[in-house]
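Below is one structure, written out as structure tokens, with a few remarks after it.
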Amino acid sequence: MAMMILFGDEIGEKLWETVNTSFHALFEEYRNMYAPSDNAPQQPTETQEPPPESKRSFKSIIAEKMRKRGGANATTKSELDKYFSEDNEEDNEGFDILKYWKGNARRFSILSRMARDLLAIPISTVASESAFSKGGRVLDDFRSSLNNG
């Protein structure tokens with residue numbers, strides 16, 4: 001792992017554990033906000049008989065079985081596991097992380113929302129002393145632009 005290479009085994013392991021725990025906690029928050037939930041499955045009324053299984057669609061039978069087993073939670077948890085089990089993308093100069101997540105939004109719906117929110121935070125190159133300075137022009141054209149210029 002990169003953390004072990006950069007920081008050594010002991011510190012790298014602790015850092016990885018912290019990052020991994022925090023990432024899973026954040027994923028769970030997003031899962032709770034954005035995962036489809038069927039907390040209140042429709043129960044047939046007393047006068048209404050459910051259709052026999054032979055007349056129901058395969059999709060509705062699977063959906064009901066997943067609801068009974070807590071399938072929505074299992075499905076979204078496996079999204080994170082599926083992502084971590086995939087091979088890494090090649091590290092090249094033309095790789096665009098935002099395009100990757102936009103293209104994989106269907107496969108990783110919750111992770112792509114996380115990426116959209118977290119990667120959209122703009123980075124500023126303003127030096128702290130000039131940001132708080134009253135003298136002169138604080139931001140020049142280069143520093144006030146988000147272009148890669």
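Every value quoted in this text rests on a predicted model; they were computed, and no experiment measured them.
Using a distance-only test at 3.5 Å, with no hydrogens or angles considered, no donor-acceptor pair links the side chain of Asn20 to the main chain of Trp16. Remark: side-chain polar atoms of Ser112 are paired, donor with acceptor, to backbone N or O of Ser109 under 3.5 angstrom. A distance-only check finds no donor-acceptor pair linking the side chain of Thr21 to the backbone of Thr18 [under 3.5 Å].
More than 12 heavy-atom neighbours from other residues, nucleotides or ligands sit within 6.0 angstrom of CG on Asn92. Within 6.0 Å of CG on Leu98 lie more than 12 heavy atoms contributed by other residues, nucleotides or ligands.
Listed here is the closest heavy atom pair of Arg113 and Tyr34: NH1-CE2, 3.2 Å. Between Gly12 and Phe7, the shortest heavy-atom contact is N-CB, 3.9 Å. In terms of heavy atoms, Val19 sits closest to Met3 at CG2-CE, 3.7 Å.
Here CG of Leu26 is found 11.0 Å from CD1 of Ile110. Values are rounded to the nearest 0.5 Å. Taking CD of Glu89 as the start and CG of Asp96 as the end, the distance is 11.5 Å to the nearest 0.5 Å. Going from atom CD of Glu10 over to atom CG of Leu15 covers 11.0 Å, rounded to the nearest 0.5 Å. Going from atom CG of Asp81 over to atom CZ of Phe84 covers 8.5 Å, rounded to the nearest 0.5 Å.
A donor-acceptor pair shorter than 3.5 Å can be found between the side chains of Tyr30 and Asp117.
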Report task. Applying side chain to side chain contact (heavy atoms under 4.5 Å, CB included), run through Met114 and Phe108 and close with a yes or a no. Result -> CA-CA 10 Å; Met114 288 173 62; Phe108 304 116; over 6 Å; no
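Ion pairing between a basic and an acidic side chain is recognised when a charged N comes within 4.0 Å of a carboxylate O; Glu28 and Arg31 show such pairing.
In this pair, Trp101 and Tyr83 present their aromatic rings tilted. The plane angle is within the 30 to 60° band.
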